[in-house]
There are 2 protein chains.
Amino acid sequence: MTPPRADASANRDRILAAARAEIAINAEAKLNAIAQRAGVGQGTLYRHFPTRAHLLAEVYRTDVDELVEAATTLLATHEPVTALARWFDRVADYAQVKRDVMAAVESATWADLSAHSHGPIGDAVTRLLQAGQFAGTIRPDADARDVIILITYLSRLDAEEFADRARHLLAIVLDGLRTPHR
Amino acid sequence: MTPPRADASANRDRILAAARAEIAINAEAKLNAIAQRAGVGQGTLYRHFPTRAHLLAEVYRTDVDELVEAATTLLATHEPVTALARWFDRVADYAQVKRDVMAAVESATWADLSAHSHGPIGDAVTRLLQAGQFAGTIRPDADARDVIILITYLSRLDAEEFADRARHLLAIVLDGLRTPHR
DNA sequence: CGGGTAAGCGGACACCTGTCCGCAAAGACG
DNA sequence: CGTCTTTGCGGACAGGTGTCCGCTTACCCG
């Protein structure tokens, strides 16, 4: 864990800036183009962000943080299940505007998973679920990973289908997460 | 809609045979290798099956048909919700053994969707849902496409996670599809 | 059976993602 | 300030998917 070299972190920043700029123009920018714009080689880009998703995760980090924070706020002001429902709405909002946020979320949690942690998003979801489980309104056997898996379909819907179905699907998932009453 | 040329359909068959053979050895065979084994060019393969998924859909057609048939059988012998639950089990079985069956299912329904039909799988799911909706046990606003979307995550779980979570996730989805009781 | 035409062939090619490795230069240390 | 180590650079390359287009050949028709 030695501190990073000066040029390395400078490059990292330049890559992120270039990625943000490039993605603003075209959501599915080629990694080549980003590297070129940042004035670094391909290898450099890939060393800093081993996969496209890692890069996205960092680019959208602010948005991801906002989602995490929203979970806390919602929990403070609503019943757990309602908080979860609202949080889903929030997720849908993000996913609609920038489809890639979902990919970022997914990749963020994935990356963290192998490190035996859930990562910030996972923790947020865990808090939401546990509150509901404590109140008895969320099924006890559901965990954050379940939720992440079930909502990542959002990133694969095209714009039209998203508009038609996203919230509806989230409602189904939400009902599935409630405590079975029968 | 002119009938296909003789060599064309012969090639189609050869490609399918080659694909089956190649996939039996290695589930993620390169399309190149399949084309080569079939003795046709890349272009030919891609013309017949524009994408990997289309090819898989055809390769696993028998399995897909079996799933479709299972829906009918289950409906005849069980309550609708139970039938759906059992059918989910069946899907999980297939998905576990051959991960690609799910991709095939997905692509099959996708391809059919653009043709404004649901395709065989979609129809099977529709029958299951409608029976439950008629009985009042499945939420009236759920349709086949919802189910397809929600269960295609199965194809993206790795073997370990599949074993841990697949059925559990299907149970959550199933509960979400029940009529909300509150 | 011979000629015309369009369907179909097949492989070269474009394009992306991700890897590898020889080289440069950053920073520690005397 | 010089030298050594070691981090980091960058671009060539491998490997894969899907496209394109000039040539072939099956099939219709006279």
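Only a predicted model underlies this, so the values are computations on that prediction, with no experimental measurement involved.
- By the 4.0 Å N-to-carboxylate-O rule, A/Glu22 lies too far from A/Lys30 to be salt-bridged with it.
- Rounded to whole angstrom, the span from the CD atom of B/Gln36 across to the P atom of C/dC9 amounts to 18 Å.
- In this structure, the CG atom of A/Asp13 is 12 Å from the P atom of D/dC9, given to the nearest Å.
- Between A/Arg139 and A/Asp141 a salt bridge is recorded (basic side-chain N to carboxylate O distance below 4.0 Å).
- Set against D/dT19, C/dG8, D/dG10, the side chain of B/Arg5 has C/dG8 as its closest nucleotide.
- One atom, CG of B/Leu31, and another, P of D/dT19, lie 12 Å apart when rounded to the nearest Å.
- Taking atom CD1 of B/Ile34 as the reference point, atom P of D/dG16 lies 12 Å away to the nearest angstrom.
- Phosphate contact (OP1/OP2 of D/dC9, side-chain N/O of A/His48, threshold under 4.0 Å): present.
- Ranking D/dG16, C/dG8, D/dC9 by closeness to the B/Asp7 side chain, first place goes to C/dG8.
- By the 4.0 Å N-to-carboxylate-O rule, A/Arg178 lies too far from B/Asp175 to be salt-bridged with it.
- Atom CZ in A/Phe49 sits roughly 21 Å away from atom P in C/dC16 (whole-Å rounding).
- The CG-P distance, from A/Asn32 to C/dA14, rounds to 16 Å in whole Å.
- The side chain of A/Ala6 has C/dG27 as its nearest neighbour among D/dG10, C/dG27, C/dG8.
- Separating the NE2 atom of A/His54 from the P atom of C/dG18 is a distance of 11 Å, rounded to the nearest angstrom.
- Residue A/Ala35 is classed as having no contact, given no heavy-atom separation below 4.0 Å to the nucleic acid.
- For the pair A/Thr44 and D/dG10, the criterion of a side-chain N or O lying under 4.0 Å from OP1 or OP2 is met.
- Note on B/Tyr46: a side-chain N or O is less than 4.0 Å away from OP1 or OP2 of D/dG18.
- Spacing between atom CZ of A/Arg47 and atom C1' of C/dT17 amounts to 16 Å, rounded to whole angstrom units.
- Counting any heavy atom pair closer than 4.0 Å across all strands shown, B/Asn11 reaches sugar-phosphate atoms only and no base atom.
- The pair B/Arg12-B/Asp7 does not count as a salt bridge, with every side-chain nitrogen at least 4.0 angstrom from each carboxylate oxygen.
- Using a cut-off of 4.0 Å between Lys/Arg side-chain N and Asp/Glu carboxylate O, A/Arg167 and A/Asp93 are scored as salt-bridged.
- Counting only heavy atoms from C-beta on, A/Gln42 has its side chain closest to D/dG11 among D/dG18, D/dG10, D/dG11.
- Contacts of A/Arg52 with the nucleic acid, taken as non-hydrogen atoms under 4.0 Å apart, involve only primed sugar atoms and P, OP1 or OP2.
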